[in-house]
Amino acid sequence: MAKGMVVFDEERCKGCELCISVCPIKILSLHETNLNSKGYRPASVTDPQRCTGCGSCGMICPDGAISVYREEQGGHQNEE
Amino acid sequence: MAKGMVVFDEERCKGCELCISVCPIKILSLHETNLNSKGYRPASVTDPQRCTGCGSCGMICPDGAISVYREEQGGHQNEE
Amino acid sequence: MKNKVLMKGNEAFAEAAIRSGCRYYFGYPITPQNEITEYMSRELEKHGGSFVQAESEIAAINMAYGGAAAGGKVFISSSSPGIALMQEGFSFLCSTEIPLVILNVSRGGPGVGTIQPGQADYYQATRGGGNGDYHLFVFAPSSIQEAVDMMAKAFEIAEEYRNPVMIYVDGVLGQMMEPVVLTEPLPPFSGEEIVRIRPWALTGTEGKREHNVIKSLYLKPEELEARIMDMDQKYQRARKELPLYKTEGLEAAEVVFVAYGSTARITEEAVELLAEEGIQAGLIRPVSLWPFPYDVFDQIPDTVKVVISVELSRGQMIDDVRIGCRGRFPVTLSSRVGGILITPPEIAADARKALGVTA
Amino acid sequence: MKNKVLMKGNEAFAEAAIRSGCRYYFGYPITPQNEITEYMSRELEKHGGSFVQAESEIAAINMAYGGAAAGGKVFISSSSPGIALMQEGFSFLCSTEIPLVILNVSRGGPGVGTIQPGQADYYQATRGGGNGDYHLFVFAPSSIQEAVDMMAKAFEIAEEYRNPVMIYVDGVLGQMMEPVVLTEPLPPFSGEEIVRIRPWALTGTEGKREHNVIKSLYLKPEELEARIMDMDQKYQRARKELPLYKTEGLEAAEVVFVAYGSTARITEEAVELLAEEGIQAGLIRPVSLWPFPYDVFDQIPDTVKVVISVELSRGQMIDDVRIGCRGRFPVTLSSRVGGILITPPEIAADARKALGVTA
Amino acid sequence: MKAVFQYTKGMLSEETTYCPGCTHGIAHRLIMEVLDEKELLGRTIGVAPIGCSILAHHYMNVDMCESAHGRAPAIATGIRRVQKDKIVFTYQGDGDLASIGTAEIVQAAHRGEKFTTFFINNAIYGMTGGQMAPTSLIGQKTTTSAEGRKQESSGMPIRMAELIATLDGAVFVERVSVDSPANIRKAKKAVQKAIEVQEKRLGFGFVEILSTCPTNWGLNPVKSLEWLRENMIPYYPLGNLKCPGEVK
Amino acid sequence: MKAVFQYTKGMLSEETTYCPGCTHGIAHRLIMEVLDEKELLGRTIGVAPIGCSILAHHYMNVDMCESAHGRAPAIATGIRRVQKDKIVFTYQGDGDLASIGTAEIVQAAHRGEKFTTFFINNAIYGMTGGQMAPTSLIGQKTTTSAEGRKQESSGMPIRMAELIATLDGAVFVERVSVDSPANIRKAKKAVQKAIEVQEKRLGFGFVEILSTCPTNWGLNPVKSLEWLRENMIPYYPLGNLKCPGEVK
Amino acid sequence: MAVHKLIIAGFGGQGVMLIGQMIAYAGMLEGKEVTWMPAYGPEMRGGTANCTVIVSDKKISSPIVTEATAVVVMNLPSLHKFEKLVKPGGLLFINSSLVHEDTDRDDVEVCRIDANEIAVRLQNDKVSNMVILGAVVSKTGIVKMESIEKVMEKLFTGNKSKTLPLNKKALTAWEA
Amino acid sequence: MAVHKLIIAGFGGQGVMLIGQMIAYAGMLEGKEVTWMPAYGPEMRGGTANCTVIVSDKKISSPIVTEATAVVVMNLPSLHKFEKLVKPGGLLFINSSLVHEDTDRDDVEVCRIDANEIAVRLQNDKVSNMVILGAVVSKTGIVKMESIEKVMEKLFTGNKSKTLPLNKKALTAWEA
Ligand SMILES: Cc1ncc(C[n+]2csc(CCOP(=O)(O)OP(=O)(O)O)c2C)c(N)n1
Ligand SMILES: Cc1ncc(C[n+]2csc(CCOP(=O)(O)OP(=O)(O)O)c2C)c(N)n1
Ligand code: SF4
Ligand code: SF4
Ligand code: SF4
Ligand code: SF4
Ligand code: SF4
Ligand code: SF4
Ligand SMILES: [Mg+2]
Ligand SMILES: [Mg+2]
């Protein structure tokens, strides 16, 4: 099971790709086809299993479109 | 003969006593009785013979009331 | 007899502001109103208030805006060029509906002008230089007593209408001394009162209400228009409720003077001089300059041959006099400028000239 | 046919200023006039002139004051709140008699307001917020072509009268595009010309003349008064020489509209709409706002039942309309605000209402 | 699973009108996050002047005051005198703070006003469409410096944090950046400290936040972060310039 | 006999309206003397804003421009663009330059405007009757600080020379005093260098001149010089802060 | 018709301003009276943007349009805001790539164009506005197509000249 | 007389403002209507300064004085500027210590007082204004001398109270 999990609020996303650029394991990308109601292609996870829950994507999202969760036990804590 | 000479423009003088305070040999004072037309007691030399022509009084007078002259030859030059 | 004291206008104004509950003053030095700033710097802290010497009049009006937005009872004062720098601020204060009292102890202009009295800030006070549709409420007392009484009233009006009120006097009133009876001191707002009386004030939500926002920007034009129409309604109401004036001897007058502030007092003497010569002169003294008491001009009888605006300016109030007269009478100007006070004989002479009579 | 080009208003104004000989521009960004600042930043140096991005509108007007005092042909532009910050400067420019051209591309207010067009700076333009007796000369063109032609004229008037001239347009004219024929470029002043044409300018004595002083302060009240009276004479002359207006269909009109700038164009269509319904409407378009063309109102025939001031404000020019009408006609307002443009059908509806007819 | 990162309730739910990838959003959030964590939202009053962030009051869940361009520090001074026990901050852009508002910020720092200023330095006038700011870099192309800013006519970019730090009344001064998760974490620390300085009434606090303006820089959001890193940080060094002993 | 000291013809013959012993007169003279010696009087344009020296144009024999309070550096910027080959200076008081005119002086220095500012720091608002200035000393009694300036409410006095020196555009910055013949000579040297910097178009020059205000300090002129020496100089250290290599 | 009044609306970045300007320019080249007037909000991106173009044989007084001979909507909010301004019998152009809703108006001629998809077919996302432009010009006859091509030649110079053929091609792509 | 209108003029530092205020204060204590109005230039020192005092039984409208019942001149420029304002039959007080010129007026009562010399005789330079005050009050009867003394007692308190006897003495010194 994945250590981490990211949840996107697609309606808030503006497709800026900042989250994509900072994900250390490169599992984020803009949705290929979907458009949200503002006309943006929202970001999404391509490989949810590999998410470490490091929080970087949430940290850099300017639009509050990402929530990040992590397994309670174990794993090193990147977020302070 | 005096090494230096000071000439006061009494009408310009405001009796501030700055010249008096800086004369190194203390030969200046306000006139005892005279008043100029603005009502100030102007500064004057009490002992003209001793003036070295150092220029300090002229230098500090805020009202351009003093001209200072000095013998052409000899004497060290305080003014730069 | 109430306790009369002999006070310099400026100090009386400052004390009156404190007695009206003002606890915050932000000011920048400028003659001829420095006594106010100095008085406030000495007195306000004793009353638990604050004085800040601002870095400029722009800072002062914005500090005042902040202080009043946070619920404080704020008073500020300046003089003509200083008031010029506050124009953007006035536009903001009106558009965000912040109550506040402003005093202009005006001097002669334009430019640096003179520290001697002048009344050439009438346009500035009543038409302003800020952008957009807004109005200061402007009152022009003509004695220290009237100014002091008006101070209390000004704070009330500001509060009720949520609009800045300006008291506009000239250097004569600021610098002169007259006996004056000060008003009873009002207590200042307490913290709870602020929250109750000014629920819109920035006091922190304390988790108890939605956040308050003081703003003038509305992205949707329709919303902005609605806001401006609300303000307009308020101004329409003010036009009905606030006009204030004094008249004298309008009945059977041949000539009517219109004068405000200290000039009105001087004009009163001109009226007497003319009476001695058998010329019946009336006087309209607008006390509120905005809203201007246009209706009083309807009281001018048809016997009148000319209406004369007496101003320490080259004719500014005269616009409003013209509007008020609605073409019924010729309107002329009697004026001195440059910091020179007009005298009763000069005014009388101007009246004779306008009437075409010789002394 | 002269060479017509399709240009955005703001860029046409900037180019027109350069063609009128302007070589110095000092500006601070503000919408909706940024294209002017940007155009000048690109173009002026190519013409041997200078552009400075000022730190504020206050700095901009003072840089302009310095540049013009030193003999330069200076043009500046801003929009409503930015103009509010220039009020003290305007008072200085007038009192020191510095020629200069100022453009206000106005937006809706008050406060932050909106970047959409507005005409609520009429008071600001014609009555001002600076201190003292002074006047800007104010012109309100209603097409880009007229604005461009007026630019050259404005520089001439400023020079002749030694007084700042303001061109007052709204965001519509600044932002829209229309074909325009640009004027022939004038050469700028050379150094010698400055000394000849502006002998009062600060060019350095070069040991050849007494020192020049640009100032508004005169210590003796009598001197100051004399100065102000000189200025007053100039303003009286301007009141005779400069009023400018256009009229349409006043004869036999039932209703007369008064409108300036882009609103006048919109009103023209309302006149047509009403004509279709058999209502004869006239239009007075004041082109000079100060001096205001009061006399044209005497041309309004007695057939007229109501005069309507059409403004993108809650009624500012209406004061001058009232003065002009001298009580002969009721005066009402037709307006939209908040950045919304009034439409011909709305104006027509207001006219019907004022006339008491139903569509 | 435990929440590692969630949007702070210091921010209202309204979506911002900022351009995609504009880091104003990050700066907003950091401040609100810190206030929320310190349970200060109910006791805070913010001032946001004209600039892209004029709409900050749509997003920040604290009492807010709109300011004329450049005047926020004067307004905050007024608020502070009346609301003595509140947390007061200003949030200002570089056109606002480093140009038209120079006098107000310098004098508030000089007086040692007890509020905190967050200074969003994006090296450009964002809202008005990309004109040169006092902080624009040499060579940077803007709509009023089409050939790039030149030292000869416009001087060298102004380093506000350094300038403010010379004033005794400014007791906390730090420059941070929001270009990467690591720098965002550091930025948050600075915000925390600045607020602590105010809670302890130690003096004026100033946090300069290097930020992007993809739209007016003409770069996409990701490239903008790179540009900030490669061009701004070398000229505007990150780090603390002043911190009182009372705050660790 | 040879003239050792004579009133410079840079000064007009009109007597000043300054109070007895006010050192504005000395500062005026120094500047005009230097311009005269360099034969620049005919090529100089001065700007004097509101303050006691608003009447400087009555005394200084060069083209002069009156300025609104605080705005002289902006005016000088305008003049400089049009009169490119002239010498331009501003002469400003501390209320003027260090308070209301903060933005204008900081930004002129930031742009590196090629003119010279003479800053008369007398630690008070002279013309308006002795209110506290940003440069008033801690404990100094003024009409708006009856019990003496307090750091808590008004901050520490601002050191403008140091602040201006942090800006790259300001290439010459020096603080001098006119309290004694020796210091007056040093002051003149600084004025000379500052003008030379301008002649060579090297950047912005700033000379802060510590000056007295006997009237509003409530001291006689001689005691005022002492007060300046004993109180101002320790807080406002004299000396050069910046001088370009091109000027010896 | 002697007067054409056009409203073109969409969001920032769709190029609505440009095509409006091109029509105005073309009108001027044909010796007609023209005005172009934009409207946008204070946000740099994502706000709505629209412009008004009038092309007329006689002098134009008001540059605003309360009854349009044609309206072009490039996104949904624009449909809602502007469909009501088409005068009866007028034309309503809808970019059907982005606007899936239908109009309420049944008294106007509706012209749906899959502008974005057509543009993608032309291998350039960015010419969707030119596709629409072509449709508007041919259907309304507001100006001649040759005039638009002339304008294109004046606008797309230097670097941009290589996009000229594609842009010209886009003008007729809507018919296909 | 029901209305006294007084002008007191000199240069800054001579204390003309203070004696004007004292008369106004005294008038108020007597239940009269009073106004005091100053005028000065922008220079801190050495400019001319004057004030106007009106004491009246009835309400005072204008605080300015075009016809003075009495004028006091403390220096030469003031003589030139204000002698013409004394109304015929009025009083003109001249500080003859500083004003050596004579007045042109022959229709007024002139009262010359060697105020500075008298003050020096009283061993305090600074009371010359009080010497004049005494003269003005007794010659004009504008207020009662007791009222002036009462005012002095209210003004010279604390530190200044020790100067009270001297100041009181100065009030009558002009007669000697
Ligand atoms: C008095 C005044 N002048 C100018 C403007 C126009 N204006 C609005 S925001 C702004 C500056 C925006 O730049 P910045 O402060 O850097 O904020 P950003 O948008 O980059 O975040 C300007 C000049 C204004 N609103 N008011
Ligand atoms: C806009 C404006 N605000 C205030 C004033 C009043 N004022 C005149 S001079 C001055 C300051 C004088 O102090 P300073 O600059 O230190 O000069 P000093 O007289 O001490 O030489 C002030 C506040 C003014 N004239 N204009
Ligand atoms: S939490 Fe970390 S690993 Fe998971 S998607 Fe976000 S950045 Fe990538
Ligand atoms: S950072 Fe946020 S707004 Fe940007 S693409 Fe990722 S989720 Fe969307
Ligand atoms: S020149 Fe020197 S010695 Fe002579 S009087 Fe002056 S200060 Fe004294
Ligand atoms: S310094 Fe000058 S003004 Fe002062 S007393 Fe001496 S001569 Fe007179
Ligand atoms: S214009 Fe620049 S600063 Fe403003 S929201 Fe867009 S990206 Fe951000
Ligand atoms: S008030 Fe002070 S600064 Fe002004 S002239 Fe007098 S002593 Fe000099
Ligand atoms: Mg910015
Ligand atoms: Mg000073």
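In the text below, chain A, chain B and the rest are named by the order of the sequence lines, each starting its count at 1.
- Proximity to chain D (any heavy atom under 4.5 Å) is restricted, for F:R111, to the side chain, taken from C-beta onward.
- Under the 4.5 Å side-chain criterion, counting only non-hydrogen atoms from C-beta, D:F92 is not in contact with F:S67.
- Side-chain atoms of F:D63 do not come within 3.5 Å of backbone N or O of D:L202 as any donor-acceptor pair.
- Between D:A70 and F:V82, the shortest heavy-atom contact is O-CG1, 3.5 Å.
- In this structure, F:E66 and D:L217 have side chains that are in contact, with non-hydrogen atoms separated by less than 4.5 Å.
- Put simply, of F:N61, F:I54, F:I45, F:I50, the one with the most heavy-atom pairs under 4.5 Å next to chain D is F:I45.
- Closest approach of D:A59 and F:A74 over heavy atoms only: O-CB, 3.7 Å.
- Here the closest heavy-atom approach between residue F:K86 and residue D:T203 is recorded as CE-O, 2.7 Å.
- Only the side chain of F:L12 comes within less than 4.5 Å of a heavy atom of chain D; its backbone N, CA, C and O stay farther away.
- Looking at D:R209, only its side chain comes within 4.5 Å of chain F, counting heavy atoms on both sides.
- Between the side chain of F:H57 and the main chain of D:K215, no donor-acceptor pair closer than 3.5 Å is present.
- Applying a 4.5 Å heavy-atom cutoff, none of the residues of residues 155-167 of chain D approach chain F.
- Between the CZ atom in F:R81 and the CZ atom in D:F51 there is a gap of 10.0 Å [rounded to 0.5 Å].
- For a residue to count as touching a neighbouring chain, one of its non-hydrogen atoms must lie under 4.5 Å from one of that chain's; by this rule D:S216 touches chain F with backbone and side chain alike.
- Interface remark: D:V52 contributes side-chain atoms only to the contact with chain F (heavy atom separation under 4.5 Å).
- Residue D:G48 comes nearest to F:K84 through the heavy atom pair O-NZ, 4.2 Å, listed as atom of the first residue, atom of the second, then distance.
- With respect to chain D, the highest number of heavy-atom pairs below 4.5 Å among F:G78, F:A108, F:P73 belongs to F:G78.
- Per-residue counts of heavy-atom pairs under 4.5 Å with chain F were compared for D:A69, D:S50, D:A68, D:A201; the largest is that of D:S50.
- Proximity to chain F involves both the backbone and the side chain of D:T205, based on heavy atoms less than 4.5 angstrom apart.
- F:E113 CD to D:M63 CE: the interatomic distance, rounded to the nearest 0.5 Å, is 6.5 Å.
- In this structure, CD on D:E55 lies 10.0 Å from NE2 on F:H110, to the nearest 0.5 angstrom.
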